[in-house]
Amino acid sequence: MKFFLSASLYLGLFSMFSVHAVESYKNPVVVFETNMGNIVIEVKSKQAPITSAYFLSFIDQGKFNGTSFFRSGSNKKDGKLQFLEGGLVGEFILNGKLTSIKETKLPTLANYDTTETSKLKHQVGTVSMGRDLLETGNALPDIFICLDDIPSFDQNLVEDPKSRGFPAFAVVIEGMDIAKIMANQERKGYTHIPFLQGQILTTPVTIVHAYRSEQN
């Protein structure tokens with residue numbers, strides 16, 4: 001009887017593990033190789049199809065290669081780190097040439113998946129797209145990794161009741177420790193944008209290669 005129960009328990013656990021393992025590879029997996037270590041994310045393409053397709057188009061074209069994680073944002077009230085940001089817009093921020101997203105000629109995304117439609121909330125480990133908050137409100141080819149729960153980034157939970165929030169589309173499955181190390185670096189980098197002062201890494205972390213994992 002003990003053997004039967006143990007065997008049944010083992011088979012049950014094995015079945016649960018197997019289902020979880022299979023499900024984890026139903027979605028695209030993207031690896032960010034950096035000079036500080038790798039960050040691996042699972043793209044929730046079924047929950048956030050529009051945003052996921054937008055993000056993956058840049059990955060498949062190699063557009064994230066050579067960019068960097070350059071910004072570490074913190075809560076204004078207590079200074080606690082909230083997110084790590086990186087991507088294509090960083091180049092224009094770091095060289096002081098960002099005056100308008102339109103001038104960068106980067107394609108933006110107007111109709112993205114909101115947190116209400118995707119059910120992906122901004123919690124620790126959530127990956128979301130940046131937005132052009134100064135002009136269009138569109139999603140940008142920049143991503144940020146939540147280092148803390150940030151409910152104010154979800155739809156309808158920010159100060160502006162008309163805001164759609166930020167488009168969450170993925171979760172970190174490996175490398176959260178690396179992301180935290182990056183975010184905790186010195187933040188005295190130059191920026192010509194007032195609200196970003198004190199948030200730019202003194203030494204941005206280069207994204208050497210960003211690609212889809214062959215495992216899925």
Side-chain angles (χ1 to χ4, degrees), residues 30 32 34-37 39 41 48 51 55 58 64 67-101 104 106 108-109 112 114-115 120-160 163-172 175-207 210:
V30 171
F32 291 93
T34 82
N35 53 3
M36 291 187 69
I39 297 174
I41 69 173
T51 310
F55 166 73
F58 294 102
F64 271 80
T67 62
S68 65
F69 287 107
F70 63 91
R71 180 186 178 194
S72 178
S74 57
N75 190 305
K76 294 181 179 180
K77 295 181 179 180
D78 58 15
K80 186 176 181 180
L81 292 178
Q82 288 191 302
F83 60 85
L84 174 71
E85 181 178 350
L88 280 68
V89 181
E91 173 189 350
F92 298 93
I93 292 177
L94 297 174
N95 65 20
K97 295 182 179 179
L98 182 65
T99 56
S100 170
I101 291 298
T104 69
L106 292 171
T108 63
L109 182 65
Y112 53 78
T114 68
T115 55
L120 296 171
K121 304 301 183 181
H122 288 87
Q123 301 170 336
V124 175
T126 296
V127 184
S128 194
M129 304 298 297
R131 288 179 60 199
D132 174 18
L133 298 179
L134 299 179
E135 296 178 302
T136 65
N138 295 351
L140 302 168
D142 253 27
I143 66 165
F144 63 87
I145 298 170
C146 294
L147 307 174
D148 192 12
D149 293 345
I150 320 176
S152 62
F153 283 6
D154 294 340
Q155 184 180 19
N156 297 327
L157 294 176
V158 295
E159 294 180 2
D160 178 3
S163 174
R164 292 180 293 158
F166 289 84
F169 71 97
V171 295
V172 174
M176 271 302 292
D177 55 334
I178 300 296
K180 291 177 182 178
I181 291 172
M182 292 180 189
N184 274 289
Q185 292 188 107
E186 182 179 72
R187 295 180 290 169
K188 294 184 179 180
Y190 168 76
T191 176
H192 64 294
I193 303 175
F195 77 87
L196 293 182
Q197 291 180 0
Q199 299 183 36
I200 304 301
L201 299 181
T202 304
T203 305
V205 181
T206 301
I207 299 172

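Values reported hereafter were calculated over all heavy atoms of this structure, with side chains retained and with hydrogens, waters and symmetry mates removed.
Summarising the geometry of Met129 relative to Ala139, their closest heavy-atom pair is CB-CB, 4.3 Å, with the distance given to 0.1 Å. Across all non-hydrogen atoms, the minimal contact from Thr126 to Lys121 is OG1-O, 2.8 Å. In terms of heavy atoms, Phe70 sits closest to Gly90 at CE2-CA, 3.3 Å. Shortest non-hydrogen contact noted between Leu201 and Ala183 is CD2-O, 4.5 Å. In plain terms, the two heavy atoms of Tyr190 and Leu94 that are nearest each other are CD2-O, 4.2 Å.
Distance alone, capped at 3.5 Å, places no donor-acceptor pair between the Arg164 side chain and the Gln155 backbone. A donor-acceptor pair under 3.5 Å is absent between the side-chain atoms of Thr51 and the main chain of Tyr112, judged by distance alone. At least one donor-acceptor pair closer than 3.5 Å links the side chain of Asp142 to the backbone N or O of Val89. The backbone N or O of Pro167 lies less than 3.5 Å from a partner atom in the side chain of Ser128, making a donor-acceptor pair. The main-chain N or O of Leu88 is never found under 3.5 Å from a side-chain atom of Thr67 such that the two would form a donor-acceptor pair. For the pair Ser68 (side chain) and Pro204 (backbone), a donor-acceptor distance under 3.5 Å is absent.
Rounding to the nearest 0.5 angstrom, the gap separating the CD1 atom in Ile39 from the CD1 atom in Ile143 is 7.5 Å. Remark: Gln123 CD to Asp148 CG distance equals 10.5 Å, nearest 0.5 Å. Distance check: Arg131 CZ to Thr108 OG1 gives 11.0 Å after rounding to the nearest 0.5 Å. The distance from the CD1 atom of Ile145 to the CE atom of Met182 is 7.5 Å, given to the nearest 0.5 Å. Here CG of Asp154 is found 9.5 Å from OG1 of Thr114. Values are rounded to the nearest 0.5 Å. The distance from atom CZ of Phe92 to atom CG of Leu140, rounded to the nearest 0.5 Å, is 11.0 Å.
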Note to self: I'd like to know whether Asn138 forms a side-chain contact (heavy atoms from CB on, under 4.5 Å) with Leu109, so could you lay out the CA-CA distance, the side-chain angles of the two residues, the decisive distance to 0.1 Å, and finally the verdict.
What the structure shows: CA-CA 5 Å; Asn138 295 351; Leu109 182 65; 5.6 Å; no
Notebook entry, point to check: After noting the C-alpha distance and the side-chain angles of Ile200 and Ile93, does the key distance pass the side-chain contact (heavy atoms from CB on, under 4.5 Å) rule?
Noted result: CA-CA 9 Å; Ile200 304 301; Ile93 292 177; 4.2 Å; yes
Item checked: CA sep, side-chain torsions, deciding dist, call: Val127, Val171, side-chain contact (heavy atoms from CB on, under 4.5 Å) -> CA-CA 5 Å; Val127 184; Val171 295; 5.7 Å; no
Next item on the list: Show your reasoning for whether side-chain contact (heavy atoms from CB on, under 4.5 Å) applies to Thr104 and Glu91.
Entry: CA-CA 10 Å; Thr104 69; Glu91 173 189 350; over 6 Å; no
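Each of Ile181, Ile178, Thr34 was evaluated against Val205; a single residue qualifies, Thr34, per the side chain to side chain contact (heavy atoms under 4.5 Å, CB included) test.
Using the six-membered ring where Trp is involved, Phe32 and Phe55 have ring planes that are tilted, between 30° and 60° apart. In this pair, Phe153 and His122 present their aromatic rings perpendicular. The plane angle is above 60°, beyond the 30 to 60° band.
Asp149 places a side-chain heavy atom less than 4.5 Å from the side chain of Val124.
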Residues 80-87, side-chain donor-acceptor partners within the protein, below 3.5 Å, at least two apart:
{"from": "Glu85", "atom 1": "OE1", "to": "Arg71", "atom 2": "NH1", "distance (Å)": "2.9"}

